[in-house]
Structures are given as structure tokens and as C-alpha cells.
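Report on the structure given below.
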Amino acid sequence: MRILVTGGAGFIGSHLIDRLIKQGHEVLCLDNFYTGTKRNIQHWLGNPKFELIRHDVTDPIRLEVDQVYHLACPASPVHYQSNPIKTVKTNVVGTLNMLGLAKRVKARFLLASTSEVYGDPDVHPQPEEYRGNVNCIGIRSCYDEGKRIAETLAFDYHREHNLAIRVARIFNTYGPHMLENDGRVVSNFISQSLRGNSLTVYGDGSQTRSFCYVSDLVEGLIRLMNGDYIGPVNLGNPGEYTILELAQTIQTMINPAAKLIYKPLPEDDPKQRKPDLTKAQTYLNWNPTIPLAEGLQLTIADFRQRIEAESR
Ligand code: NAD
Ligand code: UDP
Ligand code: UDP
């Protein structure tokens with residue numbers, strides 16, 4: 001098949017592309033390099049199965065493909081909040097354009113949505129039926145509400161134009177290729193420990209997250225795209241940790257002498273998050289397989305290599 005991956009030079013997109021090309025597909029990687037980097041996909045440059053398109057999804061584009069994985073959107077709060085109006089445009093206009101493209105060529109369309117559609121959840125763990133607790137005027141809403149309208153658009157294209165859609169609600173995912181200055185918790189704690197800096201815990205660190213290793217997530221996305229269930233379906237790891245536990249785990253793994261420092265909790269920071277995986281298990285026969293300690297080792301090795309390469 002010929003497959004379009006928007007946001008393909010980013011963290012998850014680049015791992016997805018590796019898998020799709022190894023499966024024998026032809027891949028078009030579309031990215032504006034806002035938070036993605038050519039380094040993530042440079043090993044495919046020159047390969048006849050790979051094509052790189054520098055383009056912003058908020059502008060229309062005509063391409064002929066069989067499937068679209070729509071991932072283009074900054075995922076880290078630091079990045080999506082640095083230009084919130086652009087984040088809304090990417091989620092709304094960008095998703096509309098990619099849906100228009102999929103409709104025109106009758107391609108199957110997968111939306112990378114997020115656990116953020118549940119906001120600061122008062123139901124725990126979160127099943128797909130839960131409608132969420134989102135502040136529509138807060139600093140996270142450009143992303144949360146942007147993804148919610150992206151889901152709405154996908155379902156309206158399905159109902160109005162019979163478009164084949166798939167909607168994945170991705171929970172916190174980590175792994176190699178995350179940007180060091182990305183601002184997300186796993187990348188921050190790893191690079192801070194490796195560089196001998198203090199680990200910055202926001203609030204008292206009692207808020208929880210559930211961390212999924214990227215290869216598990218990619219497997220879930222591919223199963224969703226190629227199965228019959230349209231979703232929305234939660235994809236994540238149900239292992240739930242407080243941020244303080246995560247800090248201590250990474251501290252122990254890299255540098256037990258590293259200090260923890262406490263910083264103010266950002267506005268609207270969700271207190272808890274954990275996926276209910278019943279639907280992914282039932283419809284995709286999917287479960288994550290990589291435990292946190294193993295995934296962190298692989299991620300730390302990648303960060304260590306990049307930081308060492310800098311000083312050479
Ligand atoms: P990322 O920031 O590494 O990747 C996003 C990619 O999209 C980057 O390469 C960026 O340059 C590109 N992009 C951004 N705006 C664009 C635009 N207007 N036009 C073209 N390209 C654009 O993030 P990621 O972690 O790989 O996330 C990928 C997708 O998965 C995002 O849609 C994100 O919302 C979703 N998601 C990720 C997580 C996670 O924990 N990583 C959780 C939930 C949802
Ligand atoms: N679009 C695109 N590529 C295509 C087809 C459509 O970028 O191959 C854009 C198009 O410019 C429009 C959006 O997708 O802004 C929605 O297209 P659709 O055909 O659904 O709606 P319409 O153009 O009728 O408003
Ligand atoms: N966080 C933290 N220190 C950091 C970065 C993040 O304590 O250096 C916290 C953040 O406040 C949140 C959690 O870790 O409670 C996850 O943050 P991240 O930005 O990775 O993702 P999200 O909030 O979107 O789940």
C-alpha cells in the first residue's frame with residue numbers, strides 16, 4: 001500500500017514509519033518540522049519506498065494514497081502552548097484538510113487523538129464512554145478541545161461521506177526519538193539526570209500518569225488501522241505511577257545523587273490518568289508488553305548516545 005503519515009518526522013510518526021516500511025509499504029512522510037526532525041527519518045532518505053514532503057497540514061494538498069495516519073500536531077504541553085492558535089489551526093483546519101484528502105481518494109483515515117479529551121478526569125480509569133472534564137478556556141484547551149473537534153470531524157466525515165475512519169486515544173507514550181528539550185516528563189527527567197541537573201517535579205508529584213513504550217503503541221495503531229473497529233479506542237499502558245515515583249525510578253536508574261526540586265504545578269494539570277483497555281483488548285486483541293523499567297532503559301540508552309555525540 002501507499003501510506004501517508006502526517007507528523008512522520010516526529011517521535012511516534014518516525015517509529016510508525018520504520019514499521020510500515022519494514023512491512024513492505026511505500027510511505028509518504030509529511031511534516032512541517034515544527035517539533036519533528038529530519039534526524040528521525042534520515043535513515044530512509046534515498047530509499048525508493050520513502051518520500052519526504054515538507055508541508056503544513058493547515059494548507060490543502062493533493063496526494064494519492066491508500067491509508068492516512070494523521071499524527072501532525074505538537075504533543076508536548078510546552079510546544080502546543082507556545083503557539084496555541086496554531087495548535088487549534090493544526091487540529092481543526094489540518095484535520096479537515098487530511099479528511100478532505102482521504103475522502104477524495106477513498107483512503108482509510110486514522111486520527112491520533114489523545115487521553116487529553118478526558119481533561120482532568122473524575123472517572124478512573126478512563127473508559128471511552130467517559131465524556132471528559134475539559135476546561136474550554138484554559139491553557140491546555142487549544143490541544144484538548146482541538147483534538148475533541150478533530151474527533152468530531154472524523155465522525156462527521158464517516159457519517160456524512162461514509163469515510164473509513166479509525167480514532168485512537170493515545171495515553172502518555174515515551175521512547176527513543178523524543179526531543180531532549182521537548183518538555184514532557186520522561187524526556188525532562190532523563191536528560192536532567194544524564195546531565196547531572198536536578199529533576200524538576202511539578203506540584204507535590206502526587207499526580208499520576210500511565211506510560212506506554214512507543215513500540216507497543218505503534219503495534220496498537222497498526223492493528224486499529226487494519227481491523228474493523230472504528231473506535232474511539234484507548235491505547236496506552238495501564239501501569240499507573242505518581243510523578244514522584246517516576247522521578248525516583250529514573251534517579252535510581254541514572255544518577256542516585258541527582259536532586260529533586262519542586263516547581264509550581266501548571267494550570268489545569270490532570271490529577272490522574274490511566275486507560276481502561278477493555279476495548280483495545282476486545283476489538284484489537286492488543287495489550288502493551290514492555291514494562292516501564294525496560295522501556296526506560298531503552299530510552300535512556302538513546303538519550304545517552306545523543307548527549308555523548310554532542311560532546312564529540
Ligand atoms: P511530536 O511533536 O514528536 O510529533 C508531531 C509531529 O507533527 C512533528 O514532527 C511536527 O513537526 C509535526 N507537525 C506539527 N504541526 C504540524 C503541521 N501544522 N503540519 C505538518 N506537520 C506538523 O509528537 P508525538 O508524540 O510524536 O505525537 C504524535 C501524535 O500523537 C500527535 O498528534 C499527538 O497529539 C498524539 N499523541 C501523542 C501522545 C504522546 O504521549 N506522545 C499522547 C497522545 C496523543
Ligand atoms: N483537501 C485537500 N486535499 C484533497 C482534498 C481536499 O487538502 O485532496 C482539502 C480541501 O481544500 C478542503 C478540505 O480538504 O479545505 C475539505 O475538503 P472537502 O472536499 O471535504 O470539502 P470542501 O472542499 O467541499 O469544503
Ligand atoms: N511534569 C513534571 N516535571 C517535568 C515535566 C512534567 O513534574 O519536568 C509533570 C506534569 O506536571 C504532569 C506530568 O508530569 O503532571 C506529565 O507531564 P507531560 O508534560 O509529560 O504530559 P501531560 O501533562 O500532557 O500528560
Side-chain angles (χ1 to χ4, degrees), residues 5-16 29-37 40-41 53-64 69-80 83 86-87 89-91 93-105 107 111-117 140 143-144 146-147 150 153 157 160-161 163 168-175 177-179 182-189 192 199-203 205-212 214 217 221 235-236 242-244 246-247 260 262-266 268-273:
V5 180
T6 76
F11 160 52
I12 297 175
S14 57
H15 288 278
L16 175 64
C29 168
L30 184 157
D31 209 294
N32 69 349
F33 299 111
Y34 177 44
T35 51
T37 144
N40 286 340
I41 37 93
I53 306 163
R54 180 190 281 266
H55 181 80
D56 192 308
V57 287
T58 59
D59 292 322
I61 185 168
R62 290 167 80 90
L63 299 164
E64 318 302 315
Y69 286 88
H70 179 44
L71 274 62
C73 176
S76 151
V78 172
H79 287 125
Y80 72 65
N83 192 344
K86 177 69 188 190
T87 301
K89 283 190 194 168
T90 295
N91 276 314
V93 182
T95 302
L96 181 71
N97 284 335
M98 295 306 103
L99 284 163
L101 184 154
K103 183 189 83 176
R104 183 178 59 78
V105 299
L111 173 68
S113 184
T114 168
S115 53
E116 286 280 318
V117 299
R140 293 176 87 98
Y143 185 76
D144 300 10
K147 289 287 187 180
L153 278 169
Y157 267 78
E160 207 174 316
H161 298 301
L163 185 71
R169 290 187 180 152
I170 303 170
F171 284 64
N172 297 62
T173 299
Y174 69 99
H177 295 190
M178 288 184 99
L179 282 184
D182 178 286
R184 286 183 273 191
V185 69
V186 173
S187 43
N188 269 8
F189 287 172
Q192 287 162 346
L199 281 68
T200 52
V201 175
Y202 300 162
S206 64
Q207 69 274 31
T208 69
R209 293 294 187 274
S210 304
F211 300 98
C212 185
V214 65
L217 195 264
L221 291 176
L235 294 177
T242 67
I243 294 306
L244 193 56
L246 179 76
L260 307 187
Y262 291 86
K263 299 225 164 169
L265 189 68
D268 289 339
D269 200 281
K271 282 183 277 306
Q272 52 182 358
R273 195 183 278 155

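In each ligand, atom 1 is the first atom listed, and ligand 1 is the first ligand listed.
An N or O contact shorter than 3.5 Å is missing between Thr58 and ligand 1 by distance. Residue contacts with ligand 1: Pro74 is placed with no nitrogen or oxygen under 3.5 Å of a nitrogen or oxygen of the ligand (distance criterion only). Residue contacts with ligand 1: Gly8 is placed with no nitrogen or oxygen under 3.5 Å of a nitrogen or oxygen of the ligand (distance criterion only). Ligand 1 has no N or O atom lying under 3.5 Å from any N or O atom of Gly13, backbone or side chain. When only interatomic distances are considered, the shortest N/O to N/O separation between Thr35 and ligand 1 falls below 3.5 Å. At least one N or O atom of Asp31 sits closer than 3.5 Å to an N or O atom of ligand 1. Polar contact check, Val57 against ligand 1: a nitrogen or oxygen pair lies under 3.5 Å apart. Considering both main-chain and side-chain atoms, Pro270 never comes within under 3.5 Å of ligand 3 through any nitrogen or oxygen pair. Where the criterion is an N or O separation shorter than 3.5 Å, residue side chain and backbone included, Thr37 fails it with respect to ligand 1. At least one N or O atom of Arg104 sits closer than 3.5 Å to an N or O atom of ligand 2. Annotation: Phe11 places an N or O atom under 3.5 Å from an N or O atom of ligand 1; distance criterion only. Between Arg140 and ligand 3, at least one N/O pair is under 3.5 Å apart. Looking at Thr114 next to ligand 1, no N or O pair under 3.5 Å apart turns up.
Taking every non-hydrogen atom of Pro266 and a distance limit under 4.0 Å, the qualifying atoms of ligand 3 come out as 11 (O). Here is the list of ligand 2 atoms found below 4.0 Å of a heavy atom in Pro60: 7 (O), 11 (O). Annotation for ligand 1: atoms under 4.0 Å from non-hydrogen atoms of Ala72 are 7 (O), 20 (C), 21 (N), 22 (C). With ligand atoms numbered from 1 in the order given, ligand 2 contributes 13 (C), 14 (O), 16 (C) to contacts under 4.0 Å with heavy atoms of Leu96. Near Tyr34, meaning under 4.0 Å from one of its heavy atoms, ligand 1 places the atoms 11 (O). Those atoms of ligand 3 that come under 4.0 Å of a heavy atom in Pro77, given as number and element, are 19 (O), 24 (O). For ligand 1, the atoms closer than 4.0 angstrom to any heavy atom of Phe33 are 11 (O). Close approach to Arg273 involves these atoms of ligand 3, each under 4.0 Å from a residue heavy atom: 22 (P), 25 (O). Listed by number with element, the atoms of ligand 1 under 4.0 angstrom from any heavy atom of His55 are 19 (N), 20 (C). Near Gly36, meaning under 4.0 Å from any of its heavy atoms, are these atoms of ligand 1: 8 (C), 9 (O), 10 (C), 11 (O). Interface atoms of ligand 3 facing Ile243, defined by a heavy-atom separation under 4.0 Å, are 7 (O), 13 (C), 14 (O). Each of the following atoms of ligand 3 lies closer than 4.0 Å to a heavy atom of Phe189: 3 (N). Ligand-side atoms of ligand 2 in range of Arg62: 8 (O), range being under 4.0 angstrom from any heavy atom. Of all the atoms in ligand 1, the ones that sit under 4.0 Å from a non-hydrogen atom of Asn172 are 40 (O). Taking a cut-off of under 4.0 Å to the non-hydrogen atoms of Lys103, the atoms of ligand 2 that pass are 18 (P), 19 (O), 20 (O). Within the listing of ligand 3, atoms 21 (O), 22 (P), 25 (O) sit less than 4.0 angstrom from a heavy atom of Asn172. Close approach to Glu116 involves these atoms of ligand 3, each under 4.0 Å from a residue heavy atom: 24 (O).
In terms of protein heavy-atom proximity, atom 38 (C) of ligand 1 is closest to Ile170 CG2, 3.9 Å. Closest protein heavy atom to atom 22 (C) of ligand 1: Asn32 OD1, 3.0 Å. The closest protein non-hydrogen atom to atom 36 (N) of ligand 1 is Tyr143 OH, 3.8 Å. Among all protein heavy atoms, the one lying closest to atom 3 (N) of ligand 3 is Thr200 O, 2.6 Å. The protein atom (non-hydrogen) at minimum distance from atom 18 (N) of ligand 1 is Asp56 OD1, 3.0 Å. The protein non-hydrogen atom at the shortest distance from atom 41 (N) of ligand 1 is Arg184 NH1, 2.8 Å. Remark: minimum distance from atom 10 (C) of ligand 3 to any protein heavy atom is reached at Asp269 OD2, 3.4 Å.
Relative ring orientation between Phe11 and His15 is described as perpendicular, the plane-to-plane angle rising above 60° on a 0-90° scale split at 30° and 60°. Between Tyr143 and Tyr80, the angle of the ring planes stays under 30°, which puts this pair in the parallel group of the 30/60° scheme.
Judged purely by atom type and a 3.5 angstrom limit, Arg104 uses its side chain to pair as donor or acceptor with the backbone of Leu63. Judged by distance alone, with hydrogens and angles left aside, the side-chain atoms of Thr37 form no donor-acceptor pair with the main-chain N or O of Thr35 at under 3.5 Å. With hydrogens and angles disregarded, a donor-acceptor distance shorter than 3.5 Å links the side chain of Thr208 to the backbone of Arg273.
The backbone and the side chain of Arg184 each have at least one atom closer than 4.0 Å to an atom of ligand 3 (non-hydrogen atoms only). Neither the backbone nor the side chain of Lys263 has any atom closer than 4.0 Å to an atom of ligand 3 (non-hydrogen atoms only). Heavy atoms of Lys147 found under 4.0 angstrom from ligand 1 belong exclusively to the side chain.
Under the 4.0 Å distance rule, the nearest protein heavy atom to atom 18 (P) of ligand 2 falls inside the cut-off. The protein reaches atom 14 (O) of ligand 2 closely, with a heavy atom under 4.0 angstrom from it. Within 4.0 Å of atom 1 (N) of ligand 2, at least one protein heavy atom is present.
Using 4.0 Å as the threshold, Gly183 has a heavy atom nearer than that to some atom of ligand 3. Ligand 3 lies nowhere less than 4.0 angstrom from a heavy atom belonging to Ser76.
Distances from atom 7 (O) of ligand 2 to the heavy atoms of Leu101, Ile61, Leu63 put Ile61 nearest.
Taking a cutoff of 4.0 Å between a charged side-chain nitrogen and a carboxylate oxygen, Lys147 and Glu116 do not qualify as a salt bridge.
The distance from atom OG1 of Thr173 to atom CG of Leu221, rounded to the nearest 0.5 Å, is 8.5 Å.
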